[in-house]
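Just so it is clear, the values below take in all heavy atoms, side chains as well, and ignore hydrogens, waters and symmetry mates. A, B, ... follow the sequence lines: proteins, then strands. Residue 1 opens every chain.
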There are 2 protein chains.
Amino acid sequence: MELTTAEENYLKAIYHLSEEGKKSVSTNDIAAQIQTKPASVSDMLRKLGEKEVIQYRKYYGLQITELGKRLALQTIRKHRLWEVFLVDKLHFAWDEVHEVAEQLEHIQSPLLIERLDAYLNYPKFDPHGDPIPDAYGDVRTRPRCALNEMDIDQSGQIVAVKDSSAAFLRYLDKVGAYIGARIKILDKVEFDGSIEILVDQKKTLFMSKDVASNILVLQS
Amino acid sequence: MELTTAEENYLKAIYHLSEEGKKSVSTNDIAAQIQTKPASVSDMLRKLGEKEVIQYRKYYGLQITELGKRLALQTIRKHRLWEVFLVDKLHFAWDEVHEVAEQLEHIQSPLLIERLDAYLNYPKFDPHGDPIPDAYGDVRTRPRCALNEMDIDQSGQIVAVKDSSAAFLRYLDKVGAYIGARIKILDKVEFDGSIEILVDQKKTLFMSKDVASNILVLQS
DNA sequence: AAATAATATTAGATAAAGCTAAAAAATATA
DNA sequence: TATATTTTTTAGCTTTATCTAATATTATTT
């Protein structure tokens with residue numbers, strides 16, 4: 001089963017949208033996700049249906065198949081391994097890796113990915129804390145909750161971010177929130193949902209609900 | 001100046017053929033080099049002419065421009081740096097790197113190449129002994145001659161191979177000829193041009209003229 | 001120099017991936 | 001329920017990069 005670069009990108013988008021727990025993935029959602037027009041999406045859905053990576057009935061909706069899931073996870077695996085490479089070995093900042101990894105993920109060479117994985121010491125998470133699927137497409141997820149959903153006095157460790165945009169990541173760098181940081185909720189403002197947290201038992205930090213909702217925590 | 005992947009491949013082929021010292025590069029040569037049909041080449045030459053990376057007058061011939069040379073050397077630089085990465089870091093054999101590097105060379109990210117170069121410690125030659133152009137497209141070439149052109153009793157060091165096909169490279173691995181090996185011509189057979197050489201003052205090796213002509217030596 | 005061969009180009013198709021505008025289907029609203 | 005709105009799909013066009021078959025040009029031989 002060979003997919004083109006465009007097909008891989010659509011399938012990845014569909015996989016991500018499917019995982020977000022929504023009832024079903026709409027043509028418009030996909031168009032928004034990959035910055036294209038709904039008309040182009042319709043066309044592609046037909047093609048992906050023919051290739052049996054999704055089940056598709058027009059006007060009805062779609063469902064990703066097992067095959068599709070496996071292929072999407074392969075692409076995600078490659079993307080995340082390359083991100084680790086860029087950060088760990090080439091010293092990219094975590095907000096600089098996405099665009100390059102978007103390109104690198106389409107390189108076709110099973111041997112390359114096998115060797116890269118070994119070279120990076122079989123990492124389990126990428127620089128944004130997202131889990132790296134193994135060669136069989138298995139993903140080990142950790143229980144995690146959004147920072148804004150925690151209560152006062154609860155503590156935990158930052159394990160991932162939901163939004164990986166450069167702007168957000170640079171903001172986190174600036175205020176000193178990083179993956180691995182131990183945090184504790186000091187205060188929550190009812191009015192706007194903003195919170196005050198203690199980072200690494202040293203520094204207090206105020207942040208809006210919007211920011212907090214994009215930070216994922218492993219509770220302890 | 002932005003080139004598509006296909007355009008980069010054509011330009012690279014044109015650059016390589018131009019460097020081979022031939023009077024001029026023919027449509028058929030290019031078609032053979034990149035495994036396509038002459039009709040497709042004609043089409044592409046027109047496009048490359050419009051982009052001013054070659055000077056092109058139909059039926060007359062073509063000449064690569066300074067701009068074209070610079071862009072071709074950028075691609076070659078990327079290709080060769082990736083080959084070094086694959087061999088030095090991911091432990092690919094030198095006959096396994098070409099196809100993957102063909103893909104990697106089209107990744108667009110100046111920062112990536114800059115960092116990769118630094119990470120690899122600014123290598124000057126790729127695993128086949130070919131020089132790696134610097135960021136400005138300057139290539140430092142070493143004087144080198146084909147092994148079959150040397151005379152009896154002359155010695156030198158293998159510095160590169162002309163043919164980088166997997167079959168040839170695996171043959172060299174098998175007989176123990178590698179880049180860096182010190183060699184001395186022990187005998188030359190007038191009849192067929194085959195030769196006998198001493199490798200690293202230890203081992204003698206017989207090889208056909210065909211093989212010898214694809215091994216490049218720095219004479220000492 | 002004329003005929004033949006080789007080489008190069010154009011014409012016309014095809015396939016992928018995108019677009020806009022129009023039509024069709026599904027959903028929401030009055 | 002009928003109408004309006006939103007969503008989705010189709011129709012038709014564009015671009016890039018191929019191809020084959022036909023034509024044009026240049027080179028080579030008689």
*Does A:Asn28 have a side-chain nitrogen or oxygen under 4.0 Å from the phosphate oxygens OP1 or OP2 of D:dT6?*
no
Between side-chain atoms of residues 34-47 of chain B and protein atoms elsewhere (two or more places apart, or another chain), which donor-acceptor pairs fall under 3.5 Å?
unit_1: B:Arg46; atom_1: NH1; unit_2: B:Glu50; atom_2: OE2; d: 3.4

*Salt-bridge test for A:Asp134 and A:Arg140: reply yes if a basic N is under 4.0 Å from a carboxylate O, no otherwise.*
no
*asked:* Of the listed nucleotides (C:dA8, D:dA17, C:dG18), which one gets closest to any side-chain atom of B:Met44?
replied: D:dA17
*Among D:dA17, D:dT25, D:dT8, which nucleotide sits nearest the side chain of A:Thr27?*
D:dT8
*To the side chain of B:Tyr10, which of D:dT18, C:dT20, C:dA8 is closest?*
D:dT18
*To the nearest Å, how far apart are B:Asp43 CG and C:dA11 P?*
11 Å
*Please work out whether the ring planes of A:Phe85 and B:Tyr119 are parallel, tilted or perpendicular, with thresholds of 30° and 60°.*
perpendicular
*Check every atom of C:dA16, C:dA8, D:dA17 against the side chain of B:Lys47 and return the nucleotide holding the closest atom.*
D:dA17
*What's the closest nucleotide to the B:Ala39 side chain, out of C:dA17, D:dA21, D:dT10?*
D:dA21
*Between B:Asp126 and B:Trp82, does any side-chain donor sit less than 3.5 Å from a side-chain acceptor?*
no
*Indicate whether OP1 or OP2 belonging to C:dC19 is found under 4.0 Å from a side-chain N or O atom of A:Ser40.*
yes
*Think A:Ser42 has a side-chain N or O under 4.0 angstrom from the OP1 or OP2 of D:dT9?*
yes
*asked:* I'd like to know if B:Lys12 and B:Glu102 make a salt bridge, using a cut-off of under 4.0 Å between side-chain N and carboxylate O.
replied: yes
*May I ask you to evaluate whether B:Lys37 reaches the phosphate of C:dA8, defined as a side-chain N or O under 4.0 Å from OP1 or OP2?*
no
*Of A:Ala6 and A:Lys58, whose closest DNA chain C nucleotide lies nearer the 5' terminus?*
A:Ala6
*Between D:dT25 atom P and B:Leu45 atom CG, what is the distance in whole Å?*
18 Å
_Just the rounded figure in Å: distance from P of D:dT9 to CZ of A:Arg46._
11 Å
*Can you check the A:Ile54 CD1 to D:dT8 C1' distance for me, whole Å?*
14 Å
_Nearest to side-chain heavy atoms of A:Thr4, which nucleotide of D:dC19, C:dT20, C:dA17_ = C:dA17
_Parallel, tilted or perpendicular, judged at 30° and 60°: which one describes the rings of A:His98 and A:His79?_
tilted
*Are any of B:Tyr59's side-chain N or O atoms less than 4.0 Å away from OP1 or OP2 of C:dA6?*
no
*Send over the distance from A:Leu3 CG to C:dA16 C1', rounded to a whole Å.*
14 Å
_Measure CD/A:Glu2 against P/C:dA15 and give the value in whole Å, please._
19 Å
*Round to the nearest Å and state the distance from A:Leu11 atom CG to C:dA17 atom C1'.*
17 Å
*So does A:Thr36 get a side-chain nitrogen or oxygen closer than 4.0 Å to the phosphate oxygens (OP1/OP2) of C:dA17?*
no
*Is the distance from OP1 or OP2 of D:dA24 to the nearest side-chain N or O of B:Tyr60 less than 4.0 Å?*
no
*Atom-to-atom span, CG of B:Leu48 to C1' of D:dA17 - whole angstrom*: 12 Å
